[in-house]
Q: 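Please read through the structure below; I'll follow up with questions.
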Amino acid sequence: MKALLIHGGSGSFNSPEEYSNHRKGVREAVESGFSVLAGKRSALEGVLSAIKLMEENPTFNCGRGSVLTLKGNIEMDAAIMDSDLNAGAVAGLKDVLHPIEVAKSIMEQTDHVLLSGEGLEEFVKIMGFQRDKDLLVPHRLKQWEENTAKSKNGELKRFGRAAEIAARSGCYYSTVGAVAIDDTGKLVAATSTGGMTMKAFGRIGDCPILGAGTYANNYGAISATGHGEKIMKLTLCRLVGFYMERYPAQKAVDLAIEEARCFDCECGLIALDRFGNIGIGYTAKDMSWAYIKEGKEAVVF
Ligand code: GLY
């Protein structure tokens, strides 16, 4: 049984162009990821391939295309976890095109789970990851300039209100995620993001916090998108994992989404259970997603 399900973020599309870019981007990523999953037969390789393609696509808020912090730089979060509870994650990573590769390296090469700050910088150097100073794309710079102007005239509050303001202005959070199952029954979840636009003070979102934005265990694999602070407080992915002990993926996602709605948490979730069932749900107005199951055509939102 092979299946790959991905998301390209949640929120509100601002234009038909934004919608079609996301649609195209998730289709390409799921097709590429599934061909790797089918060829190399590994959920890990399939997930990585899909995420890396989205990290290279300026449409998405991750890798090249990440949003800017209040200070105008890029700080990325990423995590990967499998059904044997192997996991690796990075927080506040700078100047690397594929944060998901660094997270994988932490999972495979260290006894740790989550690296950040100077230690992460050292790790990146020791492991020889190439630095990339060219991750900023024009539409993110424009978004930052507009937000900075709003911040100056008081429309955008500096401390912690960025998400609410962004939500009201119809923003789309294009965090990316992928979950896969392979023939051995191995499940893998991965998420990669530039985080919340205009974030401050080394803010870390839900994505690298296991159980919040990314989670996998014997019952399933889950990735989230949306407002990280609320997703963290609800440990939303772990909640889906807990429900998948009893229910198929879709019912588990529906229950977690109900909880998220109660807390006004703007988010989206994708999940795959151990039988290869798919779960997709969101409280946000829009979410981009796509999946392929063995022997079937791609299904794109
Ligand atoms: N969900 C992405 C973030 O809040 O950073």
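We're numbering straight along the sequence, starting at 1. First listed ligand is number 1; within each ligand, the first listed atom is number 1.
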Q: Does the plane of the ring in Trp289 sit parallel, tilted or perpendicular to the ring in Tyr291? Use 30° and 60° as the thresholds.
A: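 Because their plane-to-plane angle is under 30°, the rings of Trp289 and Tyr291 count as parallel.
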
Q: Please list, in number order, the atoms of ligand 1 under 4.0 Å from a heavy atom of Thr175.
A: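 Heavy-atom distances to Thr175 below 4.0 Å select 1 (N), 2 (C).
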
Q: Less than 4.0 Å is my threshold; does some heavy atom of Gly226 fall inside it relative to ligand 1?
A: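 Checking ligand 1 against Gly226, which is what was asked, there is a heavy-atom contact under 4.0 Å.
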
Q: Can a salt bridge be assigned to the pair Lys233 and Glu229 using a cut-off of 4.0 Å between side-chain N and carboxylate O?
A: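 No, Lys233 and Glu229 are not salt-bridged.
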
Q: With Lys142, which of His139, Glu146, Glu145 fulfils side-chain hydrogen bond (donor to acceptor under 3.5 Å, both in side chains)?
A: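 Among His139, Glu146, Glu145, the one that satisfies the side-chain hydrogen bond (donor to acceptor under 3.5 Å, both in side chains) with Lys142 is Glu146.
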
Q: Starting from atom 2 (C) of ligand 1, what is the nearest protein heavy atom, named by residue and atom, and what distance separates them?
A: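 Atom 2 (C) of ligand 1 sits closest to the protein heavy atom Asp206 OD1, 3.2 Å.
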
Q: If you link ILVMFWY side chains whenever their heavy atoms are less than 4.5 Å apart, which other residues fall into the same cluster as Leu115? By chain and number, please.
A: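 Noted: Leu115 shares its cluster with Val90, Leu93, Val96, Val102, Ile106, Leu120, Phe123, Val124, Ile126, Met127, Phe129.
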
Q: Applying a 4.0 Å heavy-atom criterion (strictly less than), which segment of Arg203 is in contact with ligand 1: side chain, backbone, both, or neither?
A: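 Under 4.0 Å from ligand 1, Arg203 contributes side-chain atoms alone.
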
Q: Gly228 versus ligand 1: do any nitrogen or oxygen atoms come within less than 3.5 Å of each other?
A: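 It does: an N or O of Gly228 is found under 3.5 Å from an N or O of ligand 1.
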
Q: Based purely on interatomic distance, does Ile231 place a nitrogen or oxygen under 3.5 Å from a nitrogen or oxygen of ligand 1?
A: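 No: no nitrogen or oxygen of Ile231 is under 3.5 Å from one in ligand 1.
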
Q: So does Ile100 get a backbone contact from the side chain of Glu55, meaning a donor-acceptor N/O pair under 3.5 Å?
A: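 Yes.
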
Q: To the nearest 0.5 angstrom, please state how far the OG atom of Ser116 sits from the CD atom of Glu121.
A: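 Between atom OG of Ser116 and atom CD of Glu121 there are 10.5 Å.
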
Q: Which ligand 1 atoms, with their elements, are less than 4.0 angstrom from a heavy-atom of Gly195?
A: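 Taking each heavy atom of Gly195 in turn, ligand 1 has 5 (O) under 4.0 Å.
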
